[in-house]
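Right, one structure below, let's go through it.
Throughout, residue positions are numbered sequentially from 1 according to the sequence presented. Heavy atoms only: backbone and side chains are in, while hydrogens, waters and symmetry mates are out. Just so you know, these numbers come straight off a predicted model, no measurement behind them.
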Amino acid sequence: MADRSQHLIGLLLGAEEDWPQAFEALLQRVGPVKTGDRTHEFGTERLTIEPFDLNDPVRVELVIDRLAYWYYHPREWLKKAALMNGTYLLNSPFTFQAMEKHSAYCAMLRLGLKIPRTVLVPFKNPVDNVRWAYTSEKYNKPFDLDAIADDLGYPMYMKPFDGGGWRGVSRINNRDDLHTAYDESGEMLMHLQATVEYEKFARALSIGAETMVMDFRPDEPMHNRYAVSHDFLSPSAGHQAVAISRIVNAFFGWEFNSCEMLVAGDSVHPIDYANACPDVAITSLHYYFPWAISALVKWSVFSLATGRRTKVDLHTERYFAIADDDSLDYDAKLAGYLALADEYFETAKYHEWCAENLTDFDAKLVDWVSGDDFDRILRETVAATYPAHEQEKFLAHFRGLTGLWVSDQAK
């Protein structure tokens with residue numbers, strides 16, 4: 001008789017309801033998965049926040065975390081679960097510091113990626129610390145903000161080093177914009193970042209070994225920011241966008257992350273690739289929502305069924321060895337980094353495993369997105385997101401886009 005393994009996935013949530021319901025519904029449709037002489041079954045539990053003994057056992061084997069980037073109590077529980085219990089985490093709390101953008105910029109510049117020039121400037125206003133006055137008077141060196149901006153060149157962007165949700169981001173077209181934005185930054189620590197003349201703004205969502213690069217329009221309302229555009233990048237730029245996103249994730253041990261890039265022809269410039277809680281709302285992803293939830297389910301199931309282990313040690317020296325090899329050009333270095341990333345994500349093994357063990361999952365996904373349960377989630381999400389007089393319009397909008405996704409799967 002085959003051995004049975006019961007796997008429990010923990011969902012650590014904030015205010016979201018749409019994707020967790022979708023994840024729970026699709027996971028039920030996976031059913032038992034038999035690999036060799038072992039049968040794997042999967043369930044979910046929404047995690048609660050309560051006191052914990054550092055020696056307490058942890059029931060969940062994998063956690064999808066959407067909360068600990070701002071809520072420190074569950075973050076420390078995640079660290080305990082990973083270190084003491086071997087719990088698999090999406091994402092690693094040990095590299096959250098790099099998700100403040102600054103560390104990620106430094107690391108990717110070290111690899112030679114095409115990051116626009118970036119300067120970190122001191123706080124505009126004094127920080128709330130009794131030592132500020134003495135330290136500032138003795139050690140803060142006066143600087144010429146205008147000279148820094150002139151050197152970077154207009155237009156540029158000013159944005160917090162720890163970012164998130166476009167908070168505090170300003171386009172700086174001239175000196176008036178520069179001083180207004182800096183004056184308003186207060187106690188936020190700001191980057192000044194050069195921009196490039198770009199043709200496309202791409203946003204890539206990566207979940208495990210899968211990546212979707214989307215045509216992103218940041219000036220549009222949220223429901224209209226992701227254009228349904230399948231060939232908006234050249235083959236070279238498309239390959240780079242996928243590779244860069246996966247390289248960033250593997251480098252830091254992130255497995256559920258988004259990356260934003262400015263694209264000019266075949267040149268791809270990452271500008272933001274550290275997102276502890278990437279957007280997976282149905283009301284913004286719409287057409288791409290079924291893919292995202294499917295990828296999240298498949299990666300979670302694959303990780304548990306194959307015994308994938310959390311890696312706390314990042315082994316970044318392997319990437320730096322490629323970066324320091326002067327015999328390699330940019331494309332060759334990117335290929336080397338991508339090989340390390342695919343090794344980290346077990347990309348080939350993942351796709352082979354899904355093809356062998358989840359043979360009918362994609363058909364079940366299409367059936368579910370076409371059915372009443374998905375439509376109920378959509379209706380509830382629209383009702384919770386938009387005022388009553390706009391709900392019918394947006395319901396029709398999102399039904400149309402997700403219906404387009406369903407029809408495209410038959411092609």
Side-chain angles (χ1 to χ4, degrees), residues 11 13-30 44 46 64 66 164-166 200-207 210-233 245 256-260 275 277-300 361-411:
L11 304 182
L13 305 173
E16 304 155 302
E17 279 295 335
D18 53 353
W19 81 260
Q21 290 189 68
F23 183 90
E24 290 159 347
L26 286 174
L27 188 67
Q28 290 177 1
R29 286 161 173 77
V30 170
T44 61
R46 298 195 181 192
I64 300 173
R66 305 281 291 180
W166 295 76
K200 285 293 183 179
F201 192 125
R203 189 171 199 176
L205 177 60
S206 290
I207 300 172
E210 295 196 50
T211 300
M212 181 67 69
V213 181
M214 296 167 282
D215 188 351
F216 193 64
R217 301 173 296 190
D219 295 330
E220 292 286 328
M222 183 58 75
H223 71 275
N224 206 34
R225 286 185 182 173
Y226 294 94
V228 180
S229 178
H230 300 304
D231 297 306
F232 68 101
L233 298 179
S245 301
F256 189 7
N257 186 33
S258 61
C259 175
E260 294 174 359
N275 195 332
C277 191
D279 178 19
V280 284
I282 191 173
T283 48
S284 53
L285 284 188
H286 48 72
Y287 177 92
Y288 299 102
F289 181 80
W291 166 82
I293 305 306
S294 170
L296 193 56
V297 168
K298 289 192 286 189
W299 182 251
S300 300
F361 180 76
D362 290 344
K364 291 179 178 179
L365 171 65
V366 172
D367 288 342
W368 180 72
V369 175
S370 305
D372 292 339
D373 189 45
F374 176 82
D375 195 64
R376 174 190 59 80
I377 294 173
L378 182 58
R379 283 186 279 107
E380 290 176 355
T381 305
V382 167
T385 306
Y386 299 101
H389 69 279
E390 294 184 341
Q391 289 174 12
E392 286 302 318
K393 176 184 73 173
F394 281 109
L395 189 58
H397 175 76
F398 295 121
R399 278 175 173 163
L401 287 165
T402 53
L404 175 62
W405 179 85
V406 170
S407 65
D408 281 350
Q409 305 318 298
K411 294 179 181 177

Point-to-point distance, once rounded to the nearest 0.5 Å, from [atom1] of [X] to [atom2] of [Y]:
X      : Y      : atom1 : atom2 : result
Leu378 : Gln21  : CG    : CD    : 11.5 Å
Lys298 : Leu365 : NZ    : CG    : 8.0 Å
Thr402 : Phe289 : OG1   : CZ    : 10.0 Å
His397 : Glu392 : NE2   : CD    : 14.5 Å
Leu401 : Tyr288 : CG    : OH    : 9.5 Å
Ser294 : Trp368 : OG    : CH2   : 10.5 Å

With side chain to side chain contact (heavy atoms under 4.5 Å, CB included) as the criterion, how do Ile282 and Phe374 come out once you've worked through the C-alpha distance, each side chain's angles and the decisive distance to 0.1 Å? CA-CA 10 Å; Ile282 191 173; Phe374 176 82; 3.5 Å; yes

Criterion side chain to side chain contact (heavy atoms under 4.5 Å, CB included) against Phe23, the qualifying member of Asp18, Ile64, Val280: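 Testing Phe23 for a side chain to side chain contact (heavy atoms under 4.5 Å, CB included) against Asp18, Ile64, Val280 leaves exactly one candidate, Ile64.
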
So, for [X] and [Y], which heavy atoms are closest and what is the spacing to 0.1 Å?
X      : Y      : result
Ala227 : Arg217 : CB-CZ, 3.6 Å
Leu285 : Asp279 : CD1-O, 3.7 Å
Ala22  : Ile377 : N-CD1, 3.9 Å
Phe256 : Ile207 : CD1-CG1, 3.8 Å
Ser284 : Tyr226 : O-CD1, 3.2 Å
Ala25  : Asp373 : CB-OD2, 3.6 Å

Got [X] and [Y] here, is their nearest side-chain heavy-atom distance under 4.5 Å?
X      : Y      : result
Asn275 : Glu260 : no
Leu13  : Arg46  : yes
Leu404 : Asp408 : yes
Glu24  : Leu11  : yes
Thr385 : His223 : no
Arg203 : Arg225 : no
Trp19  : Leu296 : yes
Phe201 : Asp219 : no

Can a salt bridge be assigned to the pair [X] and [Y] using a cut-off of 4.0 Å between side-chain N and carboxylate O?
X      : Y      : answer
Asp367 : Lys364 : no
Arg379 : Asp375 : yes
Arg376 : Glu17  : no

How are the rings of Phe394 and Tyr386 set relative to one another: parallel (under 30°), tilted (30 to 60°) or perpendicular (over 60°)?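 Answer is parallel, since the angle falls under 30°.
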
Side chain to side chain contact (heavy atoms under 4.5 Å, CB included) between Met222 and Thr283: does it pass, once the steps are laid out? CA-CA 8 Å; Met222 183 58 75; Thr283 48; over 6 Å; no

When you look at CD of Glu390, are more than 12 heavy atoms from neighbouring residues, nucleotides or ligands closer to it than 6.0 Å?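 More than 12 within 6.0 Å, yes.
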
Using a 3.5 Å distance criterion without hydrogens, assess whether the side chain of Ser370 forms a donor-acceptor pair with backbone atoms of Val366.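 Side chain of Ser370 to backbone of Val366, a donor-acceptor pair under 3.5 Å: yes, one is there.
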
